[in-house]
Amino acid sequence: MEIKYWSDIACPFCYIGSNRMKRAMKEIGIYDDTQLEFKSFELDPTAPKETTEGYINHFTQGNQALEAQAKDQMAYIEQMAKDDGLPMAINRVVPTNTVDAHRLIKLAESKGNPTLMENVIKRFYQVYFNDGQSIADYAVLLAAATEVGLDKNEVSQVLNSDDYRQAVLDDENEAQRLGIHAAPYFVINNKYAISGAQPYDAFVKALKQIQLEE
């Protein structure tokens, strides 16, 4: 089985949905033998690399009348993450651009080590959703990436260049061609699609059904 999924580090439903998909793959015994490909999808490519804006204001786009509703939604997302064993302190999030995190994920992918790549993705989600640090800050990215096994000099080289930017754009252009307008979005065997952070049982059921049909 081959699975590719479009995802953004700044997307809480991507964090939750991809975790559920990976757990489902492990439950039915296909995780180690399945090609799982992360595809870049920036929710907001125009997001700034530096900001003093809090996440609540980002969530409401400055509309104070929506704050109560936004707080309820944020609490709901946090509880979803908690139920899945994922650390999340959403009100601490620094809402910044994610392109450089995506470029480093491409660097990790180039190493041909799925475990390394998964560790980089997981660490970046933790930086964004739990640590209260900017995922656009080069020092933060350098520390997080090297902590989980990427080479410091290679990380620095990527951050101080345009390396892998085209690879990120290629993923996003592919999503456009396929009519994918939101993340997470999973494509299985180039034939089946699952969108959104579906319930865990839904991922298990879908994968089992695809196993039977293939």
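Computation of the quantities below employed the complete heavy-atom set of this structure, encompassing side-chain atoms and omitting hydrogens, waters and symmetry-equivalent molecules. Just so you know, residue 1 is the first one in the sequence shown, and it goes up from there. Everything quoted here is computed from the prediction, not taken from an experiment.
- For an aromatic pair to be called close, the ring centres must be under 6.0 Å apart, and Y164 with H102 fails this.
- Shown here are the salt bridge (charged side-chain N to carboxylate O under 4.0 Å, His left out) partners of R23, two or more places apart in sequence or in another chain: D84.
- Placement of I30 and I188 within a single hydrophobic cluster is found when ILVMFWY residues are connected by side-chain heavy-atom separations under 4.5 Å, directly or transitively.
- Taking F186 as the reference, Y5, F203 meet the ring-ring contact (aromatic ring centres under 6.0 Å, His included) condition, with sequence neighbours excluded.
- The two atoms that bring Y55 and P95 nearest to each other are CD1-CB, 4.2 Å, heavy atoms only.
- M21 is connected to I16 through a chain of hydrophobic side-chain contacts under 4.5 Å among Ile, Leu, Val, Met, Phe, Trp and Tyr, so both are in one cluster.
- Side-chain contact between E42 and N97 is present, with at least one heavy-atom pair separated by less than 4.5 Å.
- Taking the side chain as every heavy atom from C-beta outward, K111 and E154 approach each other to under 4.5 Å.
- The pair K191-E2 does not meet the salt-bridge criterion, since no charged nitrogen lies less than 4.0 angstrom from a carboxylate oxygen.
- Taking 4.5 Å as the limit, every side-chain heavy atom of V187 sits out of range of all side-chain heavy atoms of I3.
- Contact check on K106 versus D171 returns a salt bridge, with a Lys/Arg side-chain nitrogen under 4.0 Å from an Asp/Glu carboxylate oxygen.
- When hydrophobic clusters are built by joining Ile, Leu, Val, Met, Phe, Trp and Tyr residues whose side-chain heavy atoms come closer than 4.5 Å, directly or via intermediates, I9 is not grouped with V99.
- A donor-acceptor pair shorter than 3.5 Å cannot be found between the side chains of Y192 and Q209.
- Annotation: side chain of M1 is not in contact with side chain of D33 (no heavy-atom distance under 4.5 Å).
- Within the 4.5 Å cutoff, no side-chain heavy atoms of V168 are placed close to those of R165.
- The side-chain heavy atoms of E109 and E37, taken from C-beta on, include a pair separated by under 4.5 Å.
- Other residues, nucleotides and ligands contribute over 12 non-hydrogen atoms within 6.0 Å of the NZ atom of K22.
- Heavy-atom contacts from other residues, nucleotides or ligands closer than 6.0 Å to NZ of K49 number more than 12.
- One finds a salt bridge joining R123 and D131 here, because a Lys/Arg side-chain nitrogen approaches an Asp/Glu carboxylate oxygen to under 4.0 Å.
- More than 12 non-hydrogen atoms from other residues, nucleotides or ligands lie less than 6.0 angstrom from CD of Q79.
- Hydrophobic cluster membership for L66: none, as no Ile, Leu, Val, Met, Phe, Trp or Tyr side chain comes under 4.5 Å of it.
- Put simply, the side chain of L141 reaches to within 4.5 Å of the side chain of F124, judged on heavy atoms.
- When only modelled atom types and interatomic distance are considered, Q133 and D137 share no side-chain donor-acceptor pair under 3.5 Å.
- Contact check on E147 versus K152 returns no salt bridge, with no Lys/Arg side-chain nitrogen under 4.0 Å from an Asp/Glu carboxylate oxygen.
- Nearest heavy-atom pair, V94 versus Y128, reported as atom, atom and distance to 0.1 Å: O-CE1, 3.5 Å.
- For Y15 and F129, the ring centers are positioned less than 6.0 Å apart.
- Within a 6.0 Å radius of CD in Q64, no more than 12 heavy atoms belonging to other residues, nucleotides or ligands are found.
- Grouping the Ile, Leu, Val, Met, Phe, Trp and Tyr side chains by contacts below 4.5 angstrom, directly or via other members, places V155 with V120.
- The 12-atom threshold is not exceeded at NZ of K71, counting heavy atoms of other residues, nucleotides or ligands nearer than 6.0 Å.
- The two atoms that bring C14 and Y125 nearest to each other are CB-OH, 3.5 Å, heavy atoms only.
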